[in-house]
Amino acid sequence: DLAAAGAAPLAFSMGLICPPDMGEDWLRPLFRGMAALADEHRLVLSGGDISAGDKLGFCLTIWGRRAGPERFLRRGALPGQTIFAVGPSCAPPKTPGCSLGLARLGLLLLEERGREAEAEYPAACSALLRPRPQIEAAAVLAGLAHTPEDIFLMDVSDGLMRDLPRLLGGGRAKPDAPDAPGAELNLDAALLHPELRAFAHRAAKGVEDETQKIMLEFALTGGDDYLLLGAAKAELIPQIRAGLPKHSSLTPLGQVEPTPGLRRQGRPLEEVLRTRAFDHFS
């Protein structure tokens, strides 16, 4: 959320509820992981509250400072702008391979196989268990946004099919407003992460059409991607790509169009997919 707002993290507070039988053997590794991430982003723990309870509970509040002169708008992307995602690079750095759908794949594999899944699908499992916040990449974007309409930006937490209409949100009103623009997506298998491509090929038993459908379903409907989703003037895309840190990459996904609706190769996404967009309550 901070990255999507173009903000640098400053501090966080933590409320912690611990059951009486919660031992240090579980808590210490958890706090070591939190401390490592906080140190990486120079984030301080400013305070909070600790209490006892029947179940383990956390409440984290984090805040930051705007990194650029303009705040990012989360909706109202303009026709003609390029739609893009910014997220972790594949190895080696800057290798094409957008991580859309990778966290959902990691969740599926970990539920089916447990931690053994990490041996064959390390990137997918890491995308779910150890996502990398795009703070440095957001600072680059913030430095290039000289007016509010240069770059529109939000996070992808509910999947592209759910979040892209929010970014479009015509007239900066509701995403389904009558004046909301649409998008033509150029989402191709070659843009997606190699682990997702390998999984889909195996699941489809090599059938190409089925492989494509599986990949698209993961990429368009998976949640918890920890990506930045944006729309910007086409001339800004090379500047964004060139300025990104080595562990982040930009993937163009399509173009904002005046005609409402999301399409791929001219077909509405509802005709392409067999599943609905991600929903926290389903």
Side-chain angles (χ1 to χ4, degrees), residues 82-132 134 155-164 183-229 241 244 246-255 262-279 282:
T82 298
I83 300 166
F84 63 90
V86 171
S89 297
C90 298
K94 300 292 185 179
T95 301
C98 182
S99 58
L100 278 168
L102 204 59
R104 180 185 169 187
L105 175 60
L107 175 62
L108 173 69
L109 294 168
L110 287 164
E111 286 181 336
E112 287 184 348
R113 310 182 189 180
R115 299 303 287 261
E116 293 180 2
E118 292 182 278
E120 188 174 2
Y121 293 94
C125 295
S126 181
L128 180 73
L129 299 176
R130 292 174 292 277
R132 186 180 185 95
Q134 296 297 302
D155 58 297
V156 184
S157 56
D158 297 340
L160 191 65
M161 196 172 178
R162 180 76 68 186
D163 285 328
L164 182 52
E184 175 66 33
L185 297 177
N186 302 321
L187 195 56
D188 186 79
L191 298 177
L192 300 177
H193 196 279
E195 287 188 9
L196 179 55
R197 298 201 301 266
F199 170 83
H201 181 79
R202 183 174 301 174
K205 298 180 180 180
V207 179
E208 185 59 30
D209 287 348
E210 187 66 16
T211 299
Q212 291 278 347
K213 288 179 181 178
I214 293 173
M215 283 189 289
L216 285 174
E217 286 177 9
F218 274 85
L220 292 169
T221 65
D224 290 329
D225 279 317
Y226 270 75
L227 293 169
L228 298 177
L229 174 65
R241 180 181 278 115
L244 290 176
K246 65 180 182 179
H247 50 70
S248 297
S249 62
L250 180 146
T251 304
L253 299 177
Q255 189 172 28
L262 304 182
R263 294 167 293 278
R264 179 179 181 268
Q265 298 178 347
R267 294 178 58 197
L269 286 188
E270 292 80 4
E271 296 180 5
V272 178
L273 296 179
R274 297 172 295 190
T275 58
R276 297 182 300 171
F278 176 81
D279 189 339
S282 65

Nearest 0.5 Å, what's the CG-CG distance between Leu250 and Leu228?
10.0 Å
How close do Ala183 and Ile83 get, heavy atom to heavy atom, and via which atoms?
CB-CD1, 3.5 Å
Spell out, as yes or no, whether a donor-acceptor pair under 3.5 Å connects the side chain of Asp163 to the backbone of Ser157.
yes
So, does Arg104 use its side chain to make a donor-acceptor pair with the main chain of Glu217 at under 3.5 Å?
yes
Considering only heavy atoms from C-beta outward, does the side chain of Gln134 approach that of Pro88 to under 4.5 Å?
yes
Can you find a pair of side-chain heavy atoms, one from Leu105 and one from His193, that are under 4.5 Å apart?
no
Just verifying a value: how many Å separate Leu110 CG and Glu116 CD, rounded to the nearest 0.5 Å?
11.0 Å
Asp225 side chain vs Gly159 backbone, donor-acceptor pair below 3.5 Å
no
Quick one: closest heavy-atom pair of Leu187 and Ala219, and the distance?
CD2-CB, 4.0 Å
What heavy-atom pair brings Cys98 and Ala85 nearest, and what distance separates the two atoms?
SG-CB, 4.1 Å
Heavy-atom side-chain proximity of Leu129 to Arg115 below 4.5 angstrom:
yes
Rounded to the nearest 0.5 Å, how far apart are CG of Leu100 and CG of Leu253?
6.0 Å
Which atom of Ala123 lies closest to which atom of Leu102, heavy atoms considered
O-CD2, 3.8 Å
In Å, rounded to the nearest 0.5 Å, how long is the span from CD of Glu184 to CD of Gln265?
8.0 Å
Drop me the distance from Arg197's CZ to Ile214's CD1, to the nearest 0.5 angstrom.
14.5 Å
Should the heavy atoms of other residues, nucleotides or ligands under 6.0 Å from OH of Tyr121 be counted, would the total exceed 12?
yes
Before giving the answer on side chain to side chain contact (heavy atoms under 4.5 Å, CB included), spell out for Arg264 and Leu216 the whole-Å C-alpha distance, their side-chain angles and the decisive distance to 0.1 Å.
CA-CA 10 Å; Arg264 179 179 181 268; Leu216 285 174; 3.7 Å; yes
Verify side-chain hydrogen bond (donor to acceptor under 3.5 Å, both in side chains) between Ser248 and Arg132, making sure each step is shown before the conclusion.
CA-CA 10 Å; Ser248 297; Arg132 186 180 185 95; 5.7 Å; no
What are the two closest non-hydrogen atoms of Leu227 and Gly87, and how far apart are they?
CD2-CA, 3.2 Å
Could you grab the distance from atom CD of Gln212 to atom CG of Leu192, nearest 0.5 Å is fine?
8.5 Å
Within the distance-only criterion (no hydrogens, no angle test), does the side chain of Glu195 pair as donor or acceptor with the backbone N or O of Ala124 below 3.5 angstrom?
yes
Are more than 12 heavy atoms, taken from residues, nucleotides or ligands other than Arg113, located less than 6.0 Å from that residue's CZ atom?
yes
My understanding is that only one of Thr221, Leu185, Leu164, Leu160 makes a side-chain contact (heavy atoms from CB on, under 4.5 Å) with Leu269; could you say which?
Leu185
